[in-house]
Amino acid sequence: MNIFAEFQARIGAVLQGVVDSGRLPAGLDLRRFTVEPPRDASHGDLATNAAMVYAKDAKPHFANPRQLAAEICFALANDPDVAQAEAAGPGFINIRLAPKVFVDVLRAAIVAGADYGRGAASGEKVNVEYVSANPTGPMHVGHGRGAVFGDALANLLAFAGADVSREYYVNDAGAQVDVLARSAFLRYREALGEDIGAIPEGLYPGDYLKPAGEALAKQFGASLIGKPEGDWLEAVRAKTIDAMMVMIRADLAALNVEHETFFSERSLHEKKNGVSEIDRQLEDLRARGLVYEGRLPPPKGQLPDDWEDREQTLFRSTGFGDDVDRPLKKSDGAYTYFASDIAYHKSKIDRGFLKMIDVWGADHGGYVKRMNAAVKAVSDGKASLDVRLCQLVRLVRDGVEVKMSKRGGTFVTLREVVDEVGLDATRFMMLFRKNDAMLDFDLAKVIEQSKDNPVFYVQYAHARGKSIFRQAQTVFAGADLSGPALARADLALLEDPGELELVRLIAQYPRQIEAAAQAREPHRIAFFLHDLASAFHSHWNRGKESPQLRFVNEESGDLSRARLALVFSLTSVLASGLSILGVGAPSEMR
RNA sequence: GACCCCGUAGCUCAGUUGGAUAGAGCAGCCGCCUUCUAAGCGGCAGGUCGCAGGUUCGAAUCCUGCCGGGGUCGCCA
């Protein structure tokens, strides 16, 4: 039950009535106004700007917004759920709801339990692609942010009602993975007892390839030694990529991140009857005049020293909002990454995803326009792509940046961070920030078990709720404190302003879910939970000064039941929100 | 030179898709442990929302131009 959506509909009906009476023109979009919690709680429970939005259209019949507001208020006064409706300020309508409404909301929340706030299944298929880190080494903290963001976003959209599919694009084609194979081959020779000395420039030096080398030695023995690269590259590459993906998937699992689909870039390059999927898609575009041979103007500013003006295969992305046309083939004749990415997104469309979300690092920002252009071209504008960029993460310890260098051996992997600070802290901190803002990740602060740390603040609120139930169970031994039992409590007994504030926040949860999902901003959930936790801690502390406000009241079983119902729902919302973020909701924290 | 993000309290950041007197947390100052967990709570103080225009009933939010910080700019992915 979403009271904001409910009243949006009711006020829409009132406006329709005004239209029917001829005092508003027909054909207006009657959903353009908003119904929100007012910024100032003293204004009531709901506020709408409807009168101001339609004031212009109402001109001859209503001189100003306040007159239209008065008309709407008059109609709303007949609504039994409305205790008071009045025009205020420039034309806002402030609505105070009948206490019964909140009783109903709370009861509905308790009955729904973990499903409270869940959106109706829309059946809309959404593909969320995230992480997609190269299988050439361990992930760093920046990958972690994308992983956590993408995962939480997927959870959020699914909870809001979408049919979500989580996908990882494995970049197992191109020059990088050949370098990987050569690096692994060196480790293979090492595993067979050879002294390989320093790793040559241009190869991956990390120790993480040693196990891969050993695995190769185990499988192939000495049979590859001395053979030309052409004989072993393919096999070594495949084996090593597999090893890297096992490692990456383990790191993701440690972060509680999972994908349903791992899509291989190489599969797009593989020829069937002499034709690859990329060939097919590009020929398709060529037939429509969107792929052509031509020259590109050199980039403005400083010219790359190896710039050569040459004719190349280009995609006409300028026809779809990009700044320049984009190359599809490298100078060696191989396809560019963009070319395979076109075929990849086409594959998503062919698999039925007309809504696609890609989560990328901010360093790929310059790539967004061309990808959007490609999706438009390849789907005839029927599919949509929304690229969410995650800004860089600066790893910090006690306020000092942790300088990272692969060579210097001071490279900090994602796994090391998760092992050090834990999965809950890692996830929450990365989600407690807008995705497009830079993030300082302070290794010291996130484990500091203090008020400085929002993770513990929110988790503790949940634990505190559970703790209250443990206490209640000893005071009212044998009482039925289950959800269904509490839903039958006399909730009208909740009268204290602190309690009502908590109910109001609980009532906002469905709206928060909807808004966060629509904006595709999981951080809103993190901030909402923080607010909810704050209100809860605050009210709990009032029980210090005023023992009669404590949730467990030995004098009155009825009052206690009502308050426990509130705590039940509150705890449930905290657990629900935390599970969307992929963060644990502990029952106690001692 | 072009494009994309960011600029809000001393610091770190929110700001309900254009609403009412711009909010939290740290840091500072003043209070609160006989409690269902002090990993907490209450209070005080702190602001030309980078600058200048524009759009309208109304702008931190939208548009334009500057200033400052970051990122990117065929042949990496």
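Naming convention: chains lettered A, B, ... in sequence-line order (proteins, then strands); numbering from 1 in each chain. Predicted, not measured: the structure shown is a model, and the values here were computed from it. The figures that follow rest on heavy atoms only: side chains count, while hydrogens, waters and symmetry mates do not.
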Here RNA chain B, pairs taken as Watson-Crick or G-U under 3.5 Å and shown with ( ), [ ] when crossing and | when to another strand, reads (((((((..((((.....[...)))).(((((.......))))).....(((((..]....))))))))))))....

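Both cation-pi conditions hold for A:R464 and A:W540: the charged atom is under 6.0 angstrom from the six-membered ring centre and inside a 45 degree cone around its axis. Stacking of A:R316 on the aromatic ring of A:Y292 is recorded, both the 6.0 Å distance cut-off and the 45° axial limit being met.
As judged by a 4.0 angstrom heavy-atom cut-off over every strand, A:D322 is placed among residues making no nucleic acid contact. In this structure, A:A334 reaches neither bases nor backbone, as no heavy-atom distance under 4.0 Å exists between it and the strands shown. Contact annotation for A:A175: backbone-only contact, meaning every heavy-atom pair under 4.0 Å involves sugar-phosphate atoms and none involves a base.
Side-chain nitrogen and oxygen atoms of A:Y457 include at least one within less than 4.0 Å of the OP1 or OP2 phosphate oxygen of B:C41.
Listed by chain and residue number, A:L268, A:R280, A:Q281 satisfy the side chain to side chain contact (heavy atoms under 4.5 Å, CB included) test with A:E277 (two or more places apart in sequence, or in another chain). Partners of A:D436 under the salt bridge (charged side-chain N to carboxylate O under 4.0 Å, His left out) rule, at least two apart in sequence or in another chain, do not exist in this structure. Residues satisfying the salt bridge (charged side-chain N to carboxylate O under 4.0 Å, His left out) criterion with A:E265, sequence neighbours excluded, are absent altogether. Looking at residues two or more places apart in sequence or on another chain, you find a salt bridge (charged side-chain N to carboxylate O under 4.0 Å, His left out) between A:D323 and A:K369.
The side-chain hydrogen bond (donor to acceptor under 3.5 Å, both in side chains) analysis of residues 554-569 of chain A, with sequence neighbours excluded, yields the pairs A:E499-A:R563, A:D558-A:R561. Within the structure, every pair that satisfies the side-chain hydrogen bond (donor to acceptor under 3.5 Å, both in side chains) test and touches residues 59-71 of chain A, not counting sequence neighbours, is listed here: A:R23-A:E71.
Nucleotides B:G65 and B:G58, compared at atom C1', are 24 Å apart to the nearest Å.
Taking for each of A:A463 and A:D332 the nucleotide of RNA chain B with the nearest heavy atom, the 5'-most of the two is the partner of A:A463. The nearest heavy atom of RNA chain B to A:T34 and to A:A362 marks one nucleotide each, and the one closer to the 5' end goes with A:T34.
No N or O donor and acceptor, one from the side chain of A:H530 and one from the base of B:A24, sit under 3.5 Å apart.
An anti orientation is assigned to B:U61, its glycosidic angle lying beyond 90° of 0. Classified by its glycosidic torsion, B:C73 falls in the anti category, the angle being over 90° from 0.
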Would you tabulate the pairs of protein nitrogen or oxygen atoms and nucleotide nitrogen or oxygen atoms of nucleotides 2-9 of chain B closer than 3.5 angstrom?
from : atom 1 : to     : atom 2 : distance (Å)
B:C3 : O3'    : A:K369 : NZ     : 3.4
B:C5 : O2'    : A:Q391 : NE2    : 3.3
B:C5 : O2'    : A:D436 : O      : 2.8

Contact list (N/O, under 3.5 angstrom) for nucleotides 31-36 of chain B vs protein:
from  : atom 1 : to     : atom 2 : distance (Å)
B:C32 : O2     : A:K544 : NZ     : 3.4
B:C36 : O2'    : A:S467 : OG     : 3.4
B:C36 : N3     : A:F551 : N      : 3.3

For nucleotides 57-62 of chain B, tabulate all protein N/O to nucleotide N/O atom pairs closer than 3.5 Å, reporting atom names and distance.
from  : atom 1 : to    : atom 2 : distance (Å)
B:C57 : OP1    : A:K56 : NZ     : 3.4

Could you list the donor-acceptor pairs under 3.5 angstrom formed by side chains in residues 507-514 of chain A, with sequence neighbours left out?
from   : atom 1 : to     : atom 2 : distance (Å)
A:Y509 : OH     : A:S576 : OG     : 2.7
A:Y509 : OH     : A:G577 : N      : 3.3

With sugar-phosphate taken as primed atoms, P, OP1 and OP2 and all else as base, the protein-contact string of nucleotides 42-47 of chain B at under 4.0 Å (heavy atoms; B, S, -) is S-----

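Under the 30°/60° scheme for interplanar angles, the aromatic rings of A:H523 and A:F527 are found to stand perpendicular.
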Check against salt bridge (charged side-chain N to carboxylate O under 4.0 Å, His left out), A:R295 and A:D325
CA-CA 10 Å; A:R295 288 174 193 280; A:D325 290 343; over 6 Å; no

